[in-house]
Amino acid sequence: MTLLDALREKLGLMGTKKACDRGECGACTILVNSRRINSCISLATFAIRFFLVINALKV
């Protein structure tokens, strides 16, 4: 599962957009540990720390 899919489908965070699904357009870009990442081509397990931060902010 990609990070983009996890954010949208599992966590219900719809702010990250899905466009080209190849990392070329930049619509899925998010910040993880102060680094820009194309979430449509990154595995969800790569950013487990990001999930913890998002869940803490979502409460």
Are any of the side-chain nitrogens in D5 or K10 under 4.0 Å away from the carboxylate oxygens of its partner?
-> no
side-chain contact (heavy atoms from CB on, under 4.5 Å) partner of C28, chosen from N38, L3, T2, D21 = N38
Smallest separation among heavy atoms of G23 and I41, with atom names = N-CG2, 4.0 Å
Could you grab the distance from atom OG of S42 to atom CE of M1, nearest 0.5 Å is fine?
-> 14.0 Å
Is there a path of hydrophobic side-chain contacts, each under 4.5 Å between heavy atoms of I, L, V, M, F, W or Y residues, that connects I37 with L4?
-> no
Between the side chain of R36 and the main-chain N/O of T29, is any donor-acceptor distance below 3.5 Å?
-> no
How far does NZ of K17 sit from SG of C25, to the nearest 0.5 angstrom?
-> 12.5 Å
Interatomic spacing from CG in L13 to OG in S39 - rounded to 0.5 Å = 11.0 Å
